[in-house]
Number of protein chains: 2
Amino acid sequence: MNPQVSVLRKGRKLDQVLAGAREIFLRDGFEGASVDDIARAAGVSKATLYSYFSDKRQLFQEVVQAECQRMSTEIVSKIDDTMPIREALSAAAYGLTKFLVSDFSQRIFRICVAERDRFPELGQAYYAAGPGNGHQQLVEHLAASVACGELEIADVDMAAYQFSELCKARNFSLACFGVKTEFGESEIQDVAEAAVDMFMKSYAPKQA
Amino acid sequence: MNPQVSVLRKGRKLDQVLAGAREIFLRDGFEGASVDDIARAAGVSKATLYSYFSDKRQLFQEVVQAECQRMSTEIVSKIDDTMPIREALSAAAYGLTKFLVSDFSQRIFRICVAERDRFPELGQAYYAAGPGNGHQQLVEHLAASVACGELEIADVDMAAYQFSELCKARNFSLACFGVKTEFGESEIQDVAEAAVDMFMKSYAPKQA
DNA sequence: GCATAACTGAACTAATCAGTTTATATTTGA
DNA sequence: TCAAATATAAACTGATTAGTTCAGTTATGC
């Protein structure tokens, strides 16, 4: 709703603190990050840091919330309504497949998963801003394509889940478990194309 | 290779220690678990614990390795060759969909992801014993079905990845992020059926 | 230029936790 | 039965870290 709702003290170094915290939390996670490290990375004294935030927890939440907002707006800004469905899906599949194995996305994912017990609301907020949001967008596009006869889908909601899940085929698990961390263009394209192929074979009306 | 290769001192309380460690690590993760807690849960003194294991790390590795073996043999034991492909896939899809959102599987997954930096080889071992192993099994089955004309698949490897990924649709992400933790039978069945439907539409030859 | 708010650095507290030590007790097996 | 192996409880070390305090410094607005 309101992007700047936080009631943080204003002050010269607030942005520095947030930037430093973002860097260290993203690198080390919540438990792994030490407040001294954050203060050092931010170029700020610990006392200053604690004048903005009541504790480590609050600082962490503020950082992750900001990241969620960043991502959410970035994802939404990339949607294109004018293409025919296959092209639109190809573009979406490629973007998603690539994003899912990116270092940034993997780090955020790991933090959310790792801190699920300590911050139950964190994963939920991330889900809503990221995957949940994307899912909604996709459902709307699919429904529109069904309405104009481009697609034939009994359960649009499930189809949307399947689509995004297909973009995780092979690469995502490998990345999650650290079996493979770098992916070439073709490894991303292959998965994206296979996802679109499968999706279209299932849900595009056959011209008999 | 060798299931009992570990060179641990033998002694009366070894099994107790492992059981206690399993319980606490599974509950609290590596960093979250305290050795005192483990000793208490095992009904053993800390000194005894440290007479078996040189440090917390080694104890953790031993526990996770044992869990991987347990799971791997359990999964392999459930495979059935005699069914027609659609039924076999339905059975596999249901089993996998259910397993993926189980408390146990989610906990192991979270630990592997959370401790990726501290134990890079942990996620890799788990992947090999679990998802990787399952993938191999599936590839073989699919290849056999292709050979006898039941299926028509250009890229069997990719198809297998797609199949197991489809079983994660909707539920898995929700569980991962803690948005939803309990799933009813029908929520599992729906996903499994949708996975098989999509898979068959893509890869079962049309009887024209 | 000066009062005020913001910031610094460094030392300090209090808690947690991995791993060790020691003196004592229990189990086992021969 | 007795000696060796194994286990115990509890106190201790040493390291790390969140959060506080405070005397002194720097920047800002008026």
Side-chain angles (χ1 to χ4, degrees), chain A residues 4 6-65 111 114-115 117-122, chain B residues 4 6-65 111 114-115 117-122:
Chain A
Q4 287 293 35
S6 325
V7 279
L8 297 175
R9 220 191 96 248
K10 64 190 166 167
R12 281 176 276 149
K13 310 250 166 146
L14 175 57
D15 290 348
Q16 277 182 53
V17 174
L18 285 168
R22 188 188 114 100
E23 179 192 335
I24 303 300
F25 279 136
L26 233 46
R27 193 187 68 192
D28 298 340
F30 175 74
E31 194 62 20
S34 96
V35 177
D36 290 85
D37 271 12
I38 291 173
R40 203 175 308 119
V44 138
S45 78
K46 232 168 125 185
T48 301
L49 188 155
Y50 275 104
S51 79
Y52 287 114
F53 299 95
S54 64
D55 58 12
K56 191 187 180 186
R57 226 184 130 86
Q58 196 205 346
L59 176 56
F60 183 64
Q61 271 169 329
E62 218 68 42
V63 166
V64 176
Q65 186 180 302
I111 292 179
E115 305 302 339
D117 289 327
R118 219 183 314 267
F119 296 92
E121 68 290 355
L122 188 73
Chain B
Q4 288 294 37
S6 324
V7 280
L8 297 176
R9 219 191 97 246
K10 64 188 166 166
R12 281 177 275 149
K13 309 251 167 150
L14 175 57
D15 291 347
Q16 277 182 52
V17 174
L18 285 168
R22 188 189 113 100
E23 178 192 334
I24 303 299
F25 278 136
L26 234 46
R27 194 188 67 192
D28 299 340
F30 175 75
E31 194 63 19
S34 96
V35 177
D36 290 83
D37 270 11
I38 291 173
R40 204 173 308 121
V44 138
S45 77
K46 229 168 128 184
T48 301
L49 187 154
Y50 275 104
S51 81
Y52 287 114
F53 300 95
S54 65
D55 57 14
K56 190 186 179 185
R57 226 183 130 86
Q58 197 205 345
L59 177 54
F60 182 65
Q61 271 169 328
E62 218 67 41
V63 167
V64 175
Q65 188 180 302
I111 292 178
E115 305 302 339
D117 290 327
R118 220 183 314 265
F119 297 91
E121 67 289 357
L122 186 73

Before you tell me yes or no, could you show the steps for B/Tyr50 and B/Val17 under side chain to side chain contact (heavy atoms under 4.5 Å, CB included), namely the whole-Å CA-CA distance, both residues' side-chain angles and the distance that decides it to 0.1 Å? CA-CA 10 Å; B/Tyr50 275 104; B/Val17 174; over 6 Å; no

Please step through side chain to side chain contact (heavy atoms under 4.5 Å, CB included) for the pair A/Ile111 and A/Leu26, ending with a clear verdict. CA-CA 8 Å; A/Ile111 292 179; A/Leu26 233 46; 4.2 Å; yes

Using a 4.0 Å cut-off to any heavy atom of chain A, which nucleotides of DNA chain C are the first and last in contact, reading 5' to 3'?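 So the outermost contacting nucleotides come out as C/dA6 to C/dG9.
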
Is there a residue in residues 36-45 of chain A whose heavy atoms reach under 4.0 Å of DNA chain C, and which residues are they?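 Close to the strand are A/Gly43, A/Val44, A/Ser45.
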
Quick check on contacts: within residues 11-22 of chain A, what sits under 4.0 Å from DNA chain C by heavy-atom distance?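 Per residue number, the list reads A/Gly11, A/Arg12, A/Lys13.
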
Worked check of side chain to side chain contact (heavy atoms under 4.5 Å, CB included) between A/Glu121 and A/Phe119: CA-CA 5 Å; A/Glu121 68 290 355; A/Phe119 296 92; 3.8 Å; yes

Closer than 4.0 Å, any side-chain N/O of B/Tyr52 to the OP1 or OP2 of D/dA7?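 Looking at the OP1 and OP2 atoms of D/dA7, one of them is under 4.0 Å from a side-chain N or O of B/Tyr52.
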
So among B/Ile38, B/Val64, B/Asp37, which one has a side chain to side chain contact (heavy atoms under 4.5 Å, CB included) with B/Phe25?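 Result for side chain to side chain contact (heavy atoms under 4.5 Å, CB included) with B/Phe25: B/Ile38.
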
Could you tell me which non-hydrogen atom of B/Gln16 sits nearest to which non-hydrogen atom of B/Gly43, and how far apart they are?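 Where B/Gln16 meets B/Gly43 most closely, the heavy atoms are OE1-O, 3.5 Å.
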
Distance-minimising heavy-atom pair for B/Arg22 and B/Val63: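 Taking every non-hydrogen atom into account, CA-CG1, 3.7 Å.
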
Just by modelled atom types, is the B/Lys13 backbone N or O under 3.5 Å from a matching donor or acceptor in the B/Tyr52 side chain?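 Indeed, once roles are kept as given, a pair shorter than 3.5 Å links the two residues.
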
Would a distance-only check, ignoring hydrogens and angles, find a side-chain to backbone donor-acceptor pair under 3.5 Å from B/Arg57 to B/Arg118?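 Yes, B/Arg57 side chain to B/Arg118 backbone: donor-acceptor pair under 3.5 Å.
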
Could you give the distance from CG (A/Asp36) to CZ (A/Arg40), rounded to the nearest 0.5 Å?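 Rounded to the nearest 0.5 Å, the CG-CZ separation comes to 6.0 Å.
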
Kindly say whether, by distance alone, the side chain of A/Lys46 makes a donor-acceptor pair under 3.5 Å with the base of D/dG19?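 Yes, the side chain and the base share a sub-3.5 Å donor-acceptor pair.
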
So what does A/Ser34 hit on the nucleic acid, given a heavy-atom distance under 4.0 Å: a base, only sugar-phosphate, or nothing?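 Sugar-phosphate contact only - A/Ser34 comes under 4.0 Å of backbone atoms but never of a base.
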
Between B/Leu122 and B/Phe60, is the side chain to side chain contact (heavy atoms under 4.5 Å, CB included) condition met? List the steps. CA-CA 10 Å; B/Leu122 186 73; B/Phe60 182 65; 3.7 Å; yes

